Amino acid sequence: QVQLVESGGGLVQPGGSLRLSCAASGRFFSIADMGWSRQAPGKQRELVAAITSGGSINYVDSVKGRFTISRDAAKNTVYLQMNALKPEDTAVYYCNATLWGIHYWGQGTQVTVSS
């Protein structure tokens, strides 16, 4: 089983930066595919960034060049560095893990981009 705890959300002005962290419990972090999803009010949850256990990375087009996903196996942690934030990035951001076909989710952290 994998438990995920996100941190690092908050209020930031347009153009600002935030770094989200997701600490994973369990012994299988190194073989889990990890990702960050977000859900804005009234919208469906969307996957914005993913990193496989082998290090392959993908981003949704709207965040390419602005967001960077990374993972630290020694700390069982995955990060999402978000730069040049826009008001449309406002959402609850969720860390997710996929292990042996089972999906796990964190509780979410709010990111608000507003002046």
Side-chain angles (χ1 to χ4, degrees):
Q1 188 172 357
V2 178
Q3 293 182 326
L4 306 170
V5 179
E6 302 102 333
S7 61
L11 173 64
V12 64
Q13 291 185 342
S17 298
L18 283 174
R19 188 176 80 156
L20 305 182
S21 299
C22 172
S25 66
R27 298 182 292 130
F28 304 107
F29 176 80
S30 63
I31 61 172
D33 295 334
M34 305 295 297
W36 287 93
S37 300
R38 67 186 179 187
Q39 187 166 21
K43 295 187 177 181
Q44 289 188 330
R45 189 175 299 189
E46 66 169 348
L47 180 66
V48 298
I51 182 168
T52 68
S53 58
S56 296
I57 292 173
N58 282 289
Y59 300 99
V60 69
D61 285 347
S62 59
V63 308
K64 284 181 180 178
R66 301 188 298 122
F67 290 12
T68 303
I69 189 171
S70 62
R71 62 193 296 165
D72 185 335
K75 296 182 178 180
N76 277 14
T77 299
V78 62
Y79 303 98
L80 185 67
Q81 177 67 44
M82 306 185 294
N83 298 328
L85 283 161
K86 304 175 181 180
E88 52 263 43
D89 294 318
T90 296
V92 178
Y93 284 71
Y94 298 90
C95 177
N96 55 273
T98 302
L99 181 65
W100 298 322
I102 300 173
H103 302 292
Y104 300 89
W105 295 90
Q107 83 286 354
T109 185
Q110 177 71 45
V111 171
T112 302
V113 185
S114 176
S115 55

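The figures here come from the full heavy-atom set of this structure, side chains too, leaving out hydrogens, waters and symmetry mates. Keep in mind that what you see is a predicted model, and the values were worked out from it rather than measured.
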From [atom1] ([X]) to [atom2] ([Y]), nearest 0.5 Å:
X	Y	atom1	atom2	answer
K86	S62	NZ	OG	8.0 Å
D89	R38	CG	CZ	5.0 Å
Q3	N76	CD	CG	12.5 Å
M82	R19	CE	CZ	11.5 Å
D72	Y79	CG	OH	5.0 Å

May I ask whether [X] and [Y] are part of the same hydrophobic cluster, defined by side-chain heavy atoms of I, L, V, M, F, W, Y residues being less than 4.5 angstrom apart, directly or through others?
X	Y	value
Y59	M34	yes
Y94	V63	no
L11	V92	no
W105	W100	no
L4	I31	yes

If you look at every heavy atom in [X] and [Y], which pair is closest and at what distance?
X	Y	value
T77	A23	OG1-CA, 4.1 Å
V2	A97	CG1-CB, 4.3 Å
V78	S70	CG2-O, 3.0 Å
Q110	A91	NE2-O, 3.4 Å
G9	L20	N-CD2, 3.6 Å
S21	W36	O-CH2, 3.6 Å

Working for salt bridge (Lys or Arg N to Asp or Glu O under 4.0 Å), residues K64 and D61: CA-CA 5 Å; K64 284 181 180 178; D61 285 347; 3.0 Å; yes
So, [X] side chain and [Y] main chain: donor-acceptor pair closer than 3.5 Å or not?
X	Y	result
Q81	T68	no
T112	T90	no
Q107	V5	no

Parallel, tilted or perpendicular: ring planes of F67 versus Y93, cut at 30 and 60 degrees: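 Judged by the thresholds at 30° and 60°, the geometry between F67 and Y93 is tilted.
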Cation-pi geometry met for R71 and F29 (6.0 Å, 45°):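 Cation-pi check for R71 and F29: passes.
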Between T52 and D33: side-chain donor-acceptor atoms closer than 3.5 Å: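 Result is no, nothing qualifies.
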Heavy atoms of other groups near Q44 CD, more than 12 under 6.0 Å: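 Counting other residues, nucleotides and ligands, CD of Q44 stays at 12 neighbours or fewer.
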